[in-house]
Amino acid sequence: MNNRQFVFDILKKLEEENVYVSELLTDALRQIQFSGKRDRAFVTRLVEGVTERKITLDYIIDRFSKKGKKTGKNKISKDIRIMLRMGIYQIKYMDAVPDRAAISETVELAREKGYEGLTGYINGLLRTVSGLKEERRLDSFLMSSLEVRYSTPQWLCLFLQDTYGKDIAKKILEDQYMDHDTVIRVNSLKMDTAEMKGLLEEKNIKFSDGLFAERSIRIQEYDSVKRLPGYKEGFFSVQDETSTYAIDRLGIEPGDFVLDMCSSPGGKSLLAYEISCNNETCGRIVSRDISESKLERIQENAERLGVPVRVLNPKAGNSPDKDRYQPGINLEVRDATVSPEKEDKSYIGKFDKVIADVPCSGLGIIGRKNDIKYHVTKQQMEELSEMGLSILKNASRYVKKGGRICFSTCTINPGENQEVVKKFLESQEGAGFEIKEERTFLQGIDGSDGFYYCILS
């Protein structure tokens with residue numbers, strides 16, 4: 001298999017279809033699942049790296065590209081630009097790849113794709129970049145702006161500066177290029193944290209304690225999550241500890257009736273169930289999302305963890321019959337933005353706790369999903385803010401008097417977080433509610449993903 005040609009095909013498809021890299025890369029890696037580990041790692045690194053550094057790479061291309069009919073700033077074809085991005089990324093960011101190999105392989109790729117006439121241009125540009133790197137002069141060209149330095153759209157850099165100040169904005173932007181631990185949450189229904197640490201020690205897997213949540217463990221230097229000890233047995237889930245911490249703070253008690261309105265892939269629902277169980281009783285967790293495909297992910301996770309799970313008929317109606325929801329995870333297709341008066345009238349004011357982890361811009365997880373920054377827009381953030389408010393209002397209709405709501409997002413945009421809560425409290429539905437607890441975690445500052453939660457009662 002020609003790794004670089006395979007990477008080129010993935011990157012070209014990304015450009016043409018405007019989808020997220022994780023969607024295409026997962027399918028692509030499945031095609032080469034029997035290739036060597038080194039090949040798979042190379043493909044992953046180059047696809048993800050070119051994607052997350054695209055603005056920086058394009059700046060270098062435009063800065064050092066000699067003008068010509070096919071090589072001017074706005075005249076470089078999509079194919080040639082993708083190849084140049086690949087070559088420059090290997091030269092600048094992949095120390096294990098010799099510059100001469102990156103250059104020659106990129107030139108050969110261009111030749112194979114029918115661009116024989118541009119191989120001299122490609123060779124010259126890449127040699128220029130390599131020379132500047134060797135002379136330690138390349139980085140000086142990349143300090144012109146935060147946009148170029150951190151390969152992040154200018155409007156987003158300015159937004160972060162205006163919101164958090166320049167120093168914190170820089171730390172947030174830098175964090176997307178840092179190595180991030182994988183955080184696992186121990187399944188307390190099957191073992192405790194100390195036992196899980198013992199299993200990791202037996203396999204010589206490096207780990208450290210969670211920073212906020214006692215049931216969380218941070219692991220490093222492992223091959224695959226599915227190959228970790230205890231994965232098949234359901235001893236743990238992968239879940240950032242900010243999410244775990246927020247649900248821990250919700251105050252779920254044994255036997256509680258809990259609604260998770262936007263629940264896929266199910267981490268918060270499954271944790272809610274764990275907390276709701278003691279030796280005598282377990283809670284009823286209603287886990288909803290907008291499609292059956294999303295609920296399938298929850299079902300898979302629940303079955304692996306050994307949690308009872310039922311898929312409810314979408315046409316079950318609005319009967320208040322207690323048999324509709326039983327102890328365990330009860331899966332239902334529902335649109336969280338639709339008022340309970342229209343779909344679920346019988347359950348208004350019935351739930352002890354409601355979890356509303358709403359759709360958001362994802363600005364808190366740029367370090368894990370490296371192309372979110374290219375997809376999100378100001379308009380989308382405003383629309384998501386309105387959606388979040390709609391869902392929070394519906395949550396307030398489902399929770400019983402004296403119950404609690406956990407409103408959360410994986411963004412650090414106050415417009416989708418604190419401002420939504422403020423608007424809710426000022427609305428008719430928010431009358432009588434108050435903030436019990438509220439916190440924003442910032443990546444690059446708190447040692448976690450960016451995350452926001454607010455407990456309301």
Side-chain angles (χ1 to χ4, degrees), residues 181-260 263-289 294-312 325-331 352-353 355 357 406 448-449:
D181 294 341
T182 295
V183 182
I184 62 173
R185 173 177 58 76
V186 179
N187 179 4
S188 60
L189 300 176
K190 292 191 172 185
M191 63 164 33
D192 60 32
T193 305
E195 290 174 314
M196 187 66 224
K197 289 178 180 178
L199 290 179
L200 295 173
E201 287 176 344
E202 288 177 9
K203 297 296 182 179
N204 296 315
I205 295 169
K206 291 185 178 181
F207 66 87
S208 57
D209 293 337
L211 299 178
F212 318 110
E214 292 183 2
R215 65 183 83 225
S216 293
I217 302 173
R218 294 173 167 238
I219 58 175
Q220 308 92 25
E221 299 180 19
Y222 65 98
D223 180 25
S224 165
V225 167
K226 292 184 178 181
R227 294 178 184 176
L228 289 173
Y231 177 83
K232 292 181 180 179
E233 297 84 354
F235 292 165
F236 68 88
S237 298
V238 176
Q239 185 173 26
D240 191 74
E241 62 181 308
T242 51
S243 295
T244 300
Y245 183 81
I247 300 305
D248 276 338
R249 304 298 292 173
L250 181 54
I252 295 171
E253 298 177 354
D256 266 357
F257 190 25
V258 181
L259 171 62
D260 189 351
S263 57
S264 184
K268 295 179 180 66
S269 286
L270 293 165
L271 176 55
Y273 177 74
E274 289 178 33
I275 298 173
S276 75
C277 287
N278 61 14
N279 294 330
E280 299 177 356
T281 184
C282 282
R284 294 176 295 155
I285 315 299
V286 179
S287 302
R288 295 176 173 174
D289 223 305
K294 285 183 174 288
L295 296 184
E296 286 172 1
R297 296 180 65 191
I298 305 173
Q299 185 173 7
E300 291 172 2
N301 288 329
E303 289 173 350
R304 184 177 65 83
L305 296 178
V307 174
V309 59
R310 299 168 64 235
V311 181
L312 302 185
Y325 300 122
Q326 296 179 6
I329 304 293
N330 299 267
L331 300 177
D352 299 298
K353 309 292 188 306
I355 302 167
D357 187 61
C406 177
S448 66
D449 289 344

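Worth knowing before you read on, the calculation uses all heavy atoms, side chains too, and leaves out hydrogens, waters and symmetry mates.
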Within this structure, what is the [atom1]-[atom2] distance for the pair [X] and [Y], rounded to the nearest 0.5 Å?
X      : Y      : atom1 : atom2 : result
Glu221 : Asn204 : CD    : CG    : 11.5 Å
Leu271 : Ser276 : CG    : OG    : 9.5 Å
Phe207 : Arg218 : CZ    : CZ    : 14.0 Å
Ile247 : Cys406 : CD1   : SG    : 4.5 Å
Ile298 : Ile285 : CD1   : CD1   : 12.0 Å

Tell me, do [X] and [Y] make a side-chain contact under 4.5 Å, heavy atoms counted?
X      : Y      : result
Thr244 : Arg215 : yes
Ser264 : Leu295 : no
Ile329 : Leu270 : yes
Asp240 : Ser448 : yes
Phe236 : Val225 : yes

- Query: Is Asp289 paired with Arg297 through a side-chain N to carboxylate O contact shorter than 4.0 Å?
  - Reply: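 No.
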- Task: For the pair Asp260 and Lys268, find out whether any cationic side-chain nitrogen is under 4.0 Å from an anionic carboxylate oxygen.
- Result: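 No, this pair does not count.
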- Task: Output, in order, the C-alpha distance, side-chain angles, deciding distance and verdict of side-chain contact (heavy atoms from CB on, under 4.5 Å) for Ile355 and Ser269.
- Result: CA-CA 8 Å; Ile355 302 167; Ser269 286; 5.7 Å; no
Return the minimal non-hydrogen interatomic distance between [X] and [Y], and the atom names on each side.
X      : Y      : answer
Ile252 : Ala272 : CD1-CB, 3.6 Å
Gly251 : Asp256 : O-OD2, 4.3 Å
Pro265 : Asn301 : O-ND2, 2.9 Å
Pro308 : Tyr273 : CD-OH, 3.6 Å

- Pairs in or reaching into residues 225-237: which pass side-chain hydrogen bond (donor to acceptor under 3.5 Å, both in side chains), with residues at least two apart or in two chains?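 Found Asp223-Arg227.
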- Message: I need the single residue from Leu199, Leu228, Leu189, Leu305 that forms a side-chain contact (heavy atoms from CB on, under 4.5 Å) with Phe235. Which is it?
- Response: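 With Phe235 as partner, side-chain contact (heavy atoms from CB on, under 4.5 Å) holds for just one option, Leu199.
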- Message: Taking side-chain contact (heavy atoms from CB on, under 4.5 Å) as the criterion, tell me which of Ile184, Asp449, Asp181, Val183 meets it with Glu241.
- Response: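 Among the candidates, only Val183 passes.
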Heavy-atom donor-acceptor pair, [X] side chain to [Y] backbone, under 3.5 Å:
X      : Y      : value
Gln299 : Val309 : no
Asp192 : Ala194 : yes
Ser263 : Arg288 : yes
Asn330 : Tyr325 : no

- Query: Considering residues at least two apart in sequence or located in another chain, which fulfil the ring-ring contact (aromatic ring centres under 6.0 Å, His included) criterion with Phe212?
  - Reply: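 Once residues adjacent in sequence are excluded, the partners of Phe212 under the ring-ring contact (aromatic ring centres under 6.0 Å, His included) criterion are Phe441.
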- Item | Listed once per pair and sorted, the salt bridge (charged side-chain N to carboxylate O under 4.0 Å, His left out) pairs that draw on residues 195-204, sequence neighbours left out |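 Those involving residues 195-204 are Lys197-Asp209.
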